[in-house]
Amino acid sequence: MNKTVKNASEAIHDIKDGVTLAAGGFGLCGIPENCISALVEKGVKNLTCISNNAGVDDFGLGLLLKKKQIKKMIASYVGENAEFERLTLSGEMEVNLIPQGTLATRLMAAGYGMPAIFTPAGVGTEVAQGKEVRKFTFNGVEKEYLLEYALEPDFSIVKAWKGDSTGNLIFRLTARNFSPVVAMAGKITIAEVEYLVEPGELNPNEIHVPGIYVHRIFQGTNYEKRIEQLTVRKKT
Amino acid sequence: MLDKNGIAKRIAKEVKNGMYVNLGIGIPTLVANYIPKNINVVLQSENGILNMGPFPFEGEEDADLINAGKQTVTLLPGAAIFDSALSFGMIRAQKVDLTILGGMEVSENGDIANWKIPGKLVKGMGGAMDLVASAKNIIVAMQHVNKAGESKLLPACTLPLTGKKCVKRIVTELAVVDILPQGGFKLIERAPGVSVDQIKRATTGKLIIEGEIPEMVID
């Protein structure tokens, strides 16, 4: 089964105005750079974006924000982006902030075919407003849990380190982060990879996302891989 | 009175051999510098690392290897990488022994507020709500009073909560304080040169003082 497409613009050709789009990455680490550029170029609007973060002003999802292509952002932390502040304070964009583990697990639930999860994160806080609360005894302790629904994006875009033409994906280091659950949640999932190889070249024991979850795959180009916070120590 | 590094040094004494520990951003990150070399501790970073190492040497940084604060880091021998759902899975399942995080306010029943100031820009809670809702043991590293001189150890939090009844211990520039199961801040230790009266004045919530309060021992 060959899922290879030529490039990002072919991969995203049917992403239309108003869709819900999930993107992998943590900060700028492991973001689908090529797909984001193609979406900026295509100019699709009114997107609902699901991503842990919203990029920085001039990179990552920040590029879509700058062009006002995002109507609503679902994220856990957006502190790195000044344009985000302006758009939310002016009411030009809607924001739904949810706990990071809840976000990851709601995406996971979609990929695992579970409509909802129960999590203790946010119990007793404003995150719990309007949500069903149930008590469970788990690990020997009775606690309250919130019902949270699976997140089912119309499209998911992720970047992997290696992938084969059948869609199997392997991620590198912490560039894995949200990407596997984002990939598994999408009704249509697009993967861009640093190395696109033939079936049989990846070790089956090392696949992070099996190709059944991936609908289109392409060889990415010109990765910038920006570092948000360069922290180093001196050799002594 | 302790500076930030002093608070981190004192908290490092809470880290014991064999623990899996999650360190938050700010003072908690500094704790890693003071964990005794002769004990075995595994640092968890919620973006998907166990056995996280120190910052890389100049020129050896890797854009694909960062911590939850988006800083470049390294891996130690025996490290494991995993996705975000699994990372919060192990947090929820209480496999992580100790969580150290910063705070804006803590109440005398252990509620914590550390993610939102109404009227100011809201940046998001990140993983803080997940961590405080599930952690077995939470130590909060923070200043005893805010910039306006008001106590951050309160009868009840005034800011939107991150989690309820979860904080076990607070280490500030003035004191080590435990939250009692029935409520109340129990004074455990004074910072070097700080009097019990100073701590009383800086604490609005119910402060419980029993017997002589020892001064912290920090090397």
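In the text below, chain A, chain B and the rest are named by the order of the sequence lines, each starting its count at 1. What you see below is based on every heavy atom in this structure, not just the backbone, and it leaves out hydrogens, waters and symmetry mates.
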What orientation do A:Phe171 and A:His208 show, parallel under 30°, tilted 30 to 60°, or perpendicular over 60°?
parallel
Select one option (side chain, backbone, both, neither) describing which atoms of A:Thr88 are under 4.5 Å from chain B's heavy atoms.
side chain
Salt bridge (Lys or Arg N to Asp or Glu O under 4.0 Å) evaluation trace for A:Glu194 with A:Lys159
CA-CA 8 Å; A:Glu194 287 179 58; A:Lys159 197 215 86 174; 2.6 Å; yes
Bottom line for A:Val181: the part with an atom under 4.5 Å from chain B's heavy atoms is side chain
Per-residue contact mode, B:Ala93 against chain A (heavy atom under 4.5 angstrom)
backbone
Counting heavy-atom pairs closer than 4.5 Å to chain A, which one of B:Ala133, B:Pro56, B:Gly59, B:Gly124 comes out on top?
B:Pro56
Side chain from CB out, backbone as N, CA, C, O: work out which of these in B:Thr162 comes under 4.5 Å of a heavy atom of chain A, or both, or neither.
backbone
Under 4.5 Å from any heavy atom of chain A - which part of B:Asp111:
neither
Backbone of B:Ile139 reached by a side-chain donor or acceptor of B:Arg169 within 3.5 Å:
no
Top contributor to chain A interface from B:Gly126, B:Ala113, B:Gly127 [non-hydrogen pairs under 4.5 Å]
B:Gly126
Ion pair B:Glu58/A:Lys234, N-O distance below 4.0 Å
yes
Honestly, the part of B:Ile49 sitting under 4.5 Å from a heavy atom of chain A is side chain
What part of B:Lys165 lies closer than 4.5 angstrom to a heavy atom of chain A: side chain, backbone, both or neither?
neither
Donor-acceptor check, side chain of B:Lys70 to backbone of B:Ile66, threshold 3.5 angstrom: yes or no?
no
So how far is it from B:Phe185 CZ to B:Leu207 CG, rounded to the nearest 0.5 Å?
8.5 Å
Atom group of A:Asn177 that falls short of 4.5 Å from chain B, counting heavy atoms
both
Ranked by heavy-atom pairs below 4.5 Å to chain B, first place among A:Arg172, A:Met108, A:Lys143, A:Arg226 goes to A:Arg172
Contact class of B:Ile91 relative to chain A, heavy atoms under 4.5 angstrom:
neither
Testing the 3.5 Å rule here: is there a donor-acceptor pair between the side chains of A:Gln229 and A:Thr231?
no
Okay, A:Val95 and chain B: the region with an atom under 4.5 Å from a heavy atom over there is neither
Name the option with the most non-hydrogen atom pairs under 4.5 Å to chain B; the candidates are A:Gly122, A:Ser76, A:Ala104.
A:Ser76
Counting only heavy atoms closer than 4.5 Å, note whether A:Ile98 contacts chain B via side chain, backbone, both or neither.
backbone
Taking B:Ile81, B:Thr74, B:Leu65, B:Leu161 one by one, which has the highest count of heavy-atom pairs under 4.5 Å against chain A?
B:Ile81
Sidechain N-carboxylate O distance under 4.0 Å for A:Glu148, A:Lys131
yes
What distance do B:Lys123 atom NZ and A:Asn53 atom CG have between them, rounded to the nearest 0.5 Å?
12.5 Å
What part of B:Glu60 lies closer than 4.5 angstrom to a heavy atom of chain A: side chain, backbone, both or neither?
side chain
Ring-plane angle category for A:Phe178 and A:Phe26, please: parallel below 30°, perpendicular beyond 60°, tilted otherwise.
parallel
For B:Asp130 and A:Thr102 the tightest heavy-atom approach is OD1-N, 3.2 Å
